[in-house]
Amino acid sequence: MSAIAGNTSLDVSLRQIMASLEAHYPALQTIVVVSSEATGEGSLLITSDLSAASADSCLKNMRDLSLVAEDFLLPETEADLRAAWRGVVQKHGLTLIESIPFFDARRTLLGALFLLNKPQLPSSQPNAQVFEELASLIANLLQHAHHQQQNQRANALAEQSQASMLRMALAIEGSATGIWDRDIQSGQIHYSPGWKAILGYADAEISNRIEDSYTRLHPEDLAYVQATIKAHFEGRTEQYVVEHRVRCKDGSYKWISSRGKVVSRAEDGSPLRMIGTTTDITAMRTLSQRLQESADLVTCLTNEVPGLAYQYCMHANGEERFTYLSEGIRDIYELSPAQMPDAVTLVHARIHPDDFPAYRNAVLKSASRLEHLHLEYRVNLPQQGMRWRQKDAKPRRLPDGSTLWHGFITDVTEHKRIEQELQELATIDFLTQIPNRRSFMGRMEEELARIQRGASKAAAVLMCDLDNFKLINDTHGHAVGDLVLRHFAHILHDELRKSDYAGRVGGEEFAVVLAGTSIADATIFAERVQKQLLDTPVNAHTYIIPVTVSIGIAIMQASDIDADVSLSSSDMALYRAKESGRNRIVVAAD
């Protein structure tokens, strides 16, 4: 009993009992086996005089016989128990006298005391009353030890729980979060000090009536909060979750996030108690609002600026998609932002077939080299028809190997029109609307290059000069002279094939290149032009003005150094035609 009172360890207490027993009965040797049920750990074997090796051997033999294990299995009958133990101890030269099992109040087997007779000593053993007292005493020790272990575990759990609750309290206190507990039937709601501190109240400055809490809600949020609570009370939501504004002690409003749940209900399902937390989210809402304002500004800018702002991603597996499209897509491609999932296919279908290969090559090249993407291409749109688009975008590589472009597409149709007009002004003679000298000479150089490559046969070059043009100007004025020039240019244009071209190379001088044409065919062409000009005199209001033309013909050959060779030859032939009386056709000498 003193061992129990002093919380002496089970091992020490058992050894004291065994020593006391053996002191009264010198011929006895004792062994105590205790199950893990009693120790709370592993099974225990205690002996008085056995060596450590013998004790370990006994314990091993007992385990092999299933006499003791983690669940302390013993034979079902005392006879079986004695027989089994007798076999174990005999291996160590001992004789089993008695075995005494120990049980707890529920008759759970906790262990056993085995009395052995020492070798070469007369047998001596206690009476039955001593056995019963020993069994009772050891059982009390084992139960006491078991209770101690349970208390220790309970204390450890309590300490862990207290530490956990302290950590939770510190976490809640540091996270601008408060706790509330609502008694729904009584209409009372209890707030933690942290909850009150969120609104700037001291612990005793706020009531615990639920109706008072509604007066602190922002008027615009009251109906929403009450509807959300009602839905949760009726079981239509798993949790009560709201974000709303609440009035602080100083009259200002804060944004809070409240989350709670009904934790108990009456038999009819009506809610009884609800517990939850409230977190100050004012800073988060302010930041969110600023971010939204920034996003709205960017969206507004991209939507208002003429053109299409976009984000485009090409994944490593080849998949492509638009990840952002501004409202400009309605004008640029006649699509809507809502069609973004299918936009790649729809956009590709609208690109002019002749421009699509260059478009794809430019995109793939930009992705491969991470180069700035710049290209102009045509689109065919259902409403606007054929339009020109200019795309500019900057690519960057993502960690997963994808390529992401941020870009802008604008309508350059008017720009292309002006560009074309400027090109025409630079290459087309304004008066006659046929190529000027500079453009014509460029075309001649291209034709000579084709001949020299063998891609084309020799071409005929004709120089044409309107006869007596200065007299027409002096007699009828420059306006009539201009009319004559336009009239002749129109005749040339009508007589040319698609492979031929003409140009105005001087005041009243025109040149013609007939691709792949011999001298004979060129002469026939010249005669046809002379006849057409003669048959269609110029009608200048009240005057009918006959016009003739002198023509010199030469051949452009692969041996020519440049285009001027054949042009000079035809010009010399033209000079001879003029000298021989005008309205003539002269072929240059070889």
Side-chain angles (χ1 to χ4, degrees), residues 425 427-441 443-444 459-497 500-514 517-556 563-590:
L425 288 174
T427 60
I428 301 298
D429 178 65
F430 176 76
L431 178 63
T432 61
Q433 293 299 297
I434 63 174
N436 58 23
R437 181 180 181 86
R438 180 180 178 182
S439 175
F440 179 80
M441 292 303 297
R443 293 285 299 274
M444 283 192 69
V461 179
L462 289 72
M463 279 292 291
C464 308
D465 185 88
L466 296 177
D467 298 327
N468 302 311
F469 183 74
K470 184 177 183 302
L471 179 62
I472 294 174
N473 260 343
D474 293 342
T475 302
H476 301 286
H478 289 284
V480 173
D482 291 346
L483 181 62
V484 170
L485 292 174
R486 287 195 295 270
H487 179 65
F488 181 69
H490 182 71
I491 289 175
L492 280 182
H493 182 270
D494 287 348
E495 293 296 334
L496 294 174
R497 303 167 300 178
D500 304 330
Y501 53 93
R504 185 185 177 193
V505 295
E508 67 273 19
E509 289 184 336
F510 296 79
V512 179
V513 172
L514 304 176
T517 303
S518 64
I519 289 293
D521 290 336
T523 302
I524 294 172
F525 172 85
E527 291 172 348
R528 196 163 58 244
V529 169
Q530 283 184 330
K531 183 176 184 305
Q532 184 67 18
L533 184 60
L534 185 63
D535 293 344
T536 56
V538 175
N539 186 350
H541 304 296
T542 57
Y543 299 99
I544 301 297
I545 304 173
V547 182
T548 60
V549 60
S550 298
I551 301 174
I553 303 175
I555 291 296
M556 181 187 294
D564 281 334
V565 173
S566 56
L567 190 64
S568 295
S569 297
S570 62
D571 190 46
M572 287 188 289
L574 171 63
Y575 179 77
R576 293 199 302 272
K578 288 285 212 180
E579 287 292 313
S580 61
R582 296 184 176 84
N583 197 24
R584 311 275 182 164
I585 298 172
V586 175
V587 176
D590 293 338

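Contact of the I551 side chain with the E527 side chain is not registered, since no non-hydrogen atoms from C-beta on lie closer than 4.5 Å.
Legend: residues meeting side-chain contact (heavy atoms from CB on, under 4.5 Å) with A511, ordered by chain and number and at least two apart, are F440, M463, V505, L567. Residues passing the side-chain hydrogen bond (donor to acceptor under 3.5 Å, both in side chains) test with T517 are R497, sequence neighbours excluded. Residues passing the side-chain hydrogen bond (donor to acceptor under 3.5 Å, both in side chains) test with T427: none are found, sequence neighbours excluded. Evaluation of the side-chain hydrogen bond (donor to acceptor under 3.5 Å, both in side chains) rule for H476 yields no partner, not counting sequence neighbours. Taking T432 as the reference, D429, I434, L485, A489, R504, F510 meet the side-chain contact (heavy atoms from CB on, under 4.5 Å) condition, with sequence neighbours excluded. When the side-chain contact (heavy atoms from CB on, under 4.5 Å) test is applied to L534, no partner is found at least two apart in sequence or on another chain.
Shortest non-hydrogen contact noted between V547 and V538 is CG2-CG2, 4.0 Å.
When only modelled atom types and interatomic distance are considered, H490 and D494 share a side-chain donor-acceptor pair under 3.5 Å. A side-chain donor-acceptor contact under 3.5 Å links S550 and D467.
In this structure, Y575 places its OH atom where only 12 or fewer heavy-atom neighbours from other residues, nucleotides or ligands lie under 6.0 Å away.
Note: L574 CG to R582 CZ = 10.5 Å, rounded to the nearest 0.5 Å. To the nearest 0.5 Å, atoms CD1 (I524) and OG (S518) are separated by 7.5 Å. Rounding to the nearest 0.5 Å gives a distance of 10.0 Å between CG of L514 and CD1 of I519.
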